[in-house]
Enquirer: 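I am attaching a structure below and will ask some questions about it afterwards.
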Amino acid sequence: MKIETITEMDRGLAYAEACFETFRVINGEIFNWPAHAARLRRGLDAFGLTVSDAQTERMHAACLQAAAGTDALVRLTVSGGDASWGLFTPADAISARIQVMPYHADAVLPVLKVMEWSSPPIHRMAKFTADYASTLRVLRGERHALFVHQQQLVSAATANVMIFRHGQWWTPALTAGVLPGVIRQHLITSGVVREGVCPARWLDDCDALALTASSFFVRPVAGIRREQRSCDLVDLSAGLKQSLYGMPGVPKDLLDA
């Protein structure tokens with residue numbers, strides 16, 4: 001346990017006044033950085049925190065510099081900054097922190113446990129740090145979850161979900177609880193995936209599931225666990241990966257992953 005006495009505290013820790021973006025930096029490139037930057041600024045705007053174009057470019061450059069190497073996972077967190085006591089005591093300047101680690105793909109494909117999100121999921125226009133506290137309380141240590149609310153699919157814990165049935169990939173529409181993911185939006189814009197209401201009963205006759213996130217891009221799901229039942233799924237994710245293949249910031253071995 002670490003114990004310290006302080007006179008100032010970062011407002012991201014004190015009041016969850018913070019947003020973040022997670023992405024890969026591959027050979028000095030980030031897939032669709034403008035989409036990440038726009039989502040980050042939307043979230044900060046909701047707090048009344050303004051980030052200029054010049055500051056955004058500085059953060060972009062700092063992420064590239066910090067992730068020097070061939071393939072790194074980066075989390076960029078921007079908060080209200082250090083301030084003294086008080087909810088309405090603003091900091092002198094907002095803070096940006098960059099966390100970097102080498103990227104290593106999980107060797108085993110996930111089997112998702114279907115979990116009910118009992119309370120109404122909140123609207124998620126950006127990656128607000130505070131939202132993930134609610135997610136952790138629902139998960140209670142379960143790493144691989146597929147959230148359902150009122151008999152509709154929502155998302156995985158930290159990824160968007162794609163469901164394949166009757167020859168078509170679908171993803172839940174941007175209702176409460178569904179984050180507008182950067183990879184998700186690319187797949188929709190490319191015409192590979194359709195968005196719409198995805199009933200939980202689709203899990204009974206789907207052929208495949210996949211997860212999408214800017215850390216691993218597309219990851220097939222090996223199976224589903226529900227109550228006392230479980231089922232295995234096949235990997236049909238090649239079509240999803242193909243729409244990303246060869247684009248800047250996308251790993252060259254994506255089709256082999």
Side-chain angles (χ1 to χ4, degrees), residues 19 21-24 31-43 46 109-110 112-117 119-128 131-132 134-135 138 144-221 224 226 233-245 247 249-250 254 257:
C19 298
E21 290 290 321
T22 305
F23 42 81
R24 295 262 288 281
F31 175 72
N32 203 351
W33 163 256
H36 285 287
R39 188 171 61 182
L40 179 63
R41 291 172 73 166
R42 280 198 304 272
L109 296 181
L112 300 183
K113 179 181 179 180
V114 178
M115 302 183 69
E116 177 69 28
W117 194 295
S119 59
I122 59 176
H123 179 61
R124 300 179 68 188
M125 65 176 179
K127 299 184 81 169
F128 294 107
D131 294 349
Y132 291 83
S134 300
T135 301
V138 174
H144 299 301
L146 175 59
F147 292 135
V148 172
H149 178 66
Q150 294 183 347
Q151 300 303 310
Q152 293 183 19
L153 298 182
V154 180
S155 69
T158 58
N160 290 119
V161 62
M162 310 287 141
I163 182 167
F164 188 84
R165 61 190 300 274
H166 300 170
Q168 175 67 55
W169 282 104
W170 291 86
T171 192
L174 287 179
T175 53
V178 178
L179 180 73
V182 172
I183 305 301
R184 173 190 180 277
Q185 187 56 51
H186 170 82
L187 295 174
I188 293 171
T189 303
S190 299
V192 179
V193 173
R194 296 176 63 181
E195 63 175 338
V197 174
C198 297
R201 58 182 168 78
W202 282 7
L203 297 174
D204 296 326
D205 65 355
C206 69
D207 297 307
L209 282 174
L211 303 179
T212 61
S214 292
S215 54
F216 51 75
F217 292 91
V218 176
R219 191 177 188 207
V221 173
I224 309 170
R226 280 193 297 171
L233 298 170
V234 297
D235 180 4
L236 299 176
S237 63
L240 301 177
K241 295 177 180 178
Q242 187 65 52
S243 72
L244 289 155
Y245 185 72
M247 301 189 70
V250 174
L254 179 67

Enquirer: Taking all atoms of both residues into account, what is the closest heavy-atom pair of L40 and E21, and its distance?
Expert: N-OE2, 3.8 Å
Enquirer: What distance do N32 atom CG and M247 atom CE have between them, rounded to the nearest 0.5 Å?
Expert: 7.5 Å
Enquirer: Applying side chain to side chain donor-acceptor pair (under 3.5 Å), name anything that partners S190, two or more places apart in sequence or on another chain.
Expert: H186
Enquirer: Can you name the side chain to side chain donor-acceptor pair (under 3.5 Å) partners of E195, sequence neighbours left out?
Expert: R184
Enquirer: Determine whether V193 and T212 satisfy the following criterion, side-chain contact (heavy atoms from CB on, under 4.5 Å), listing intermediate values before the conclusion.
Expert: CA-CA 12 Å; V193 173; T212 61; over 6 Å; no
Enquirer: Looking only at non-hydrogen atoms, find the nearest pair between C206 and L233 and report the distance.
Expert: SG-CD2, 4.0 Å
Enquirer: Taking C-beta and beyond as the side chain, do V221 and L146 meet within less than 4.5 Å on heavy atoms?
Expert: no
Enquirer: Filter on side-chain hydrogen bond (donor to acceptor under 3.5 Å, both in side chains), then keep only pairs touching residues 161-175, sequence neighbours left out; what's left?
Expert: R165-D205
Enquirer: Who pairs with Y245 by side chain to side chain donor-acceptor pair (under 3.5 Å), at least two apart in sequence or on another chain?
Expert: none
Enquirer: Would you please name every residue forming a ring pair (Phe, Tyr, Trp, His ring centres under 6.0 Å) with F128, sequence neighbours left out?
Expert: F47
Enquirer: Quick check: closest heavy atoms across F216 and R24, and the distance to 0.1 Å?
Expert: CA-NH1, 3.8 Å
Enquirer: Where is the tightest heavy-atom contact between R226 and A200, given as atom of each residue plus distance?
Expert: NH1-O, 4.2 Å
Enquirer: Between F31 and I183, is any pair of side-chain heavy atoms under 4.5 Å apart?
Expert: yes
Enquirer: If you round to the nearest 0.5 Å, how far is CG of L187 from CG of N160?
Expert: 9.5 Å
Enquirer: For the CZ atom of R124 and the OG atom of S134, what is their distance to the nearest 0.5 Å?
Expert: 9.5 Å
Enquirer: Tabulate below the donor-acceptor pairs under 3.5 Å that side-chain atoms of residues 147-158 make, not counting sequence neighbours, or state none.
Expert:
unit_1, atom_1, unit_2, atom_2, d
H149, ND1, W117, O, 2.7

Enquirer: Ignoring hydrogens, what is the shortest heavy-atom contact between I163 and C198? Give both atom names and the distance.
Expert: CG2-SG, 4.3 Å
Enquirer: Let me have the donor-acceptor pairs involving side chains of residues 234-241, under 3.5 Å, with sequence neighbours excluded, atom names and distances please.
Expert:
unit_1, atom_1, unit_2, atom_2, d
D235, OD1, S237, N, 3.0
D235, OD1, S237, OG, 2.6
K241, NZ, A257, O, 2.3

Enquirer: With sequence neighbours left out, write down each residue that passes side chain to side chain donor-acceptor pair (under 3.5 Å) with R42, or none if nothing qualifies.
Expert: none
Enquirer: Mind listing the closest non-hydrogen atom pair of V178 and A173 along with its distance?
Expert: CG2-O, 3.4 Å
Enquirer: With sequence neighbours excluded, tell me which residues meet side-chain contact (heavy atoms from CB on, under 4.5 Å) with R201.
Expert: P199, D204
